[in-house]
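A, B, ... follow the sequence lines: proteins, then strands. Residue 1 opens every chain.
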Amino acid sequence: MLDATCIVLDFETTGLSPDQGDRITEVAAIRVANNQILGHYTSLANAGRGIPSFITQLTGISAQMIRTAPPVHQVIHELARFVGNDPIIAHNASFDRKFLIAEYRYAGLASPNNDVICTLRLARRLLPQLPNHKLSTIASHLGIRFPSDAHRAEADARVAAGVLLALSHRLAKQHDITVTPDLLTRIAHWPASQWLTRLARYKTRVQDSTGCDTQQTV
DNA sequence: TGCCAGGCCCTCTTTAGGGCCTT
């Protein structure tokens, strides 16, 4: 169980690198609290960039769709209000984080300092037996179905939210521990070969600090 | 002319290289 409020974020973009001039084309942010999806913000975004044909083939997002979309600065300001200071969750979070930082900068906003948790890193630790750790593979393994076409922001974000909740549930059940964003952040950054040892030490430290056997939120 | 992301992770490693993952 995940005992916190988090924002699951997914961007569709014109390419892989904001440093190479790529911009976002669509964003979805989903608020997760008390193990439920409580709300979402989704929008296409017009950043004035052309859409490579392979991106249209991959995502279904066309140049025509972007021409009639809200301007990207408006979308980013609305996104920033929705996200607030809650921890951000994303699959391969370094990708979405670099676009978030770039788009905040373009929009004249201060660089976000939200905690960031990566479901790719979590899945590599909690599900090492999988043949790969693509979002679709993890979702299939966990019995999570895409609500619509993959590679659209809201569908990917909803699936990532399901992955987050399923991994949190599995972690809590298998290790008898309260799962918090702080713990997920720690696990994601512990070396993959050491995370179980580190988790045992973490549990011992929490028990010692509380003076009882019951796990507490830290 | 040719190339063009970047951070993480694993291993045949650490004075490195290659695969994975996101669009």
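To the nearest whole angstrom, the two C1' atoms, one in B:dT14 and one in B:dC9, are 14 Å apart. Comparing B:dA5 with B:dT23, their C1' atoms are spaced 11 Å from each other, to the whole Å. Distance noted for atom C1' between B:dC12 and B:dG17: 10 Å (whole Å). Only the C1' atoms considered, B:dC8 is 15 Å distant from B:dT13, to the nearest whole Å. Comparing the same atom, P, in B:dC4 and in B:dG18 gives a spacing of 13 Å after rounding to whole Å.
Comparing B:dA5, B:dC20, B:dT23 by their nearest atom to the side chain of A:T13 picks out B:dT23.
Within a heavy-atom distance below 4.0 Å of DNA chain B, the residues of residues 98-105 of chain A found are A:K98. Taken residue by residue, residues 114-122 of chain A places heavy atoms nearer than 4.0 Å to DNA chain B at A:L120, A:R121.
Using a 4.5 Å cut-off on side-chain heavy atoms (C-beta onward), A:L167 and A:L127 make contact. Using a 4.5 Å heavy-atom cutoff, the side chains of A:R152 and A:I61 are in contact. Put simply, the side chain of A:H189 reaches to within 4.5 Å of the side chain of A:R121, judged on heavy atoms. Residues A:I66 and A:R49 fail the side-chain proximity criterion, which asks for heavy atoms closer than 4.5 Å.
One interatomic measurement links the two molecules: CG of A:L16 to P of B:dC4, which rounds to 13 Å at whole-angstrom precision. If you take CZ of A:R124 and P of B:dG19, they are 14 Å apart, rounded to a whole angstrom. B:dT22 atom P lies 11 Å from atom NE2 of A:H133, rounded to whole Å. Following rounding to the nearest Å, A:D96 (CG) and B:dT23 (P) show an atom-to-atom distance of 7 Å. Between A:W195 atom CH2 and B:dC9 atom P the separation is 14 Å, expressed in whole Å. For the pair A:W190 CH2 and B:dC8 P, the computed distance is 18 Å after rounding to whole Å. Between A:N92 atom CG and B:dA5 atom P there is a gap of 15 Å when expressed in whole angstrom units. Note: CG (A:L130) to P (B:dC20) measures 14 Å, nearest angstrom.
In terms of heavy atoms, A:H77 sits closest to A:A107 at NE2-O, 3.1 Å. Counting all heavy atoms, side chain and backbone alike, A:L44 lies closest to A:V75 at O-CG2, 3.5 Å. Here the shortest heavy-atom pairing between A:T56 and A:S62 reads OG1-CA, 3.9 Å. Scanning both residues, A:L171 and A:I177, for their nearest heavy atoms gives O-CG2, 4.0 Å.
Counting non-hydrogen atoms under 4.0 angstrom, A:N132 reaches the backbone sugars and phosphates but no base.
Remark: A:R125 is in phosphate contact with B:dC9, judged by side-chain N or O atoms under 4.0 Å from OP1 or OP2.
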Please set out all donor-acceptor pairs under 3.5 angstrom arising from side-chain atoms of residues 97-106 of chain A, sequence neighbours excluded.
| unit_1 | atom_1 | unit_2 | atom_2 | d |
| --- | --- | --- | --- | --- |
| A:K98 | NZ | A:L16 | O | 3.1 |
| A:E103 | OE1 | A:R23 | NE | 3.4 |
| A:E103 | OE1 | A:R23 | NH2 | 2.8 |
| A:E103 | OE2 | A:R23 | NE | 2.9 |
| A:E103 | OE2 | A:I24 | N | 3.2 |

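A donor-acceptor contact closer than 3.5 angstrom links the side chains of A:D22 and A:T14.
Comparing A:I55 and A:Q20 against DNA chain B, the residue whose closest nucleotide sits nearer the 5' end is A:Q20.
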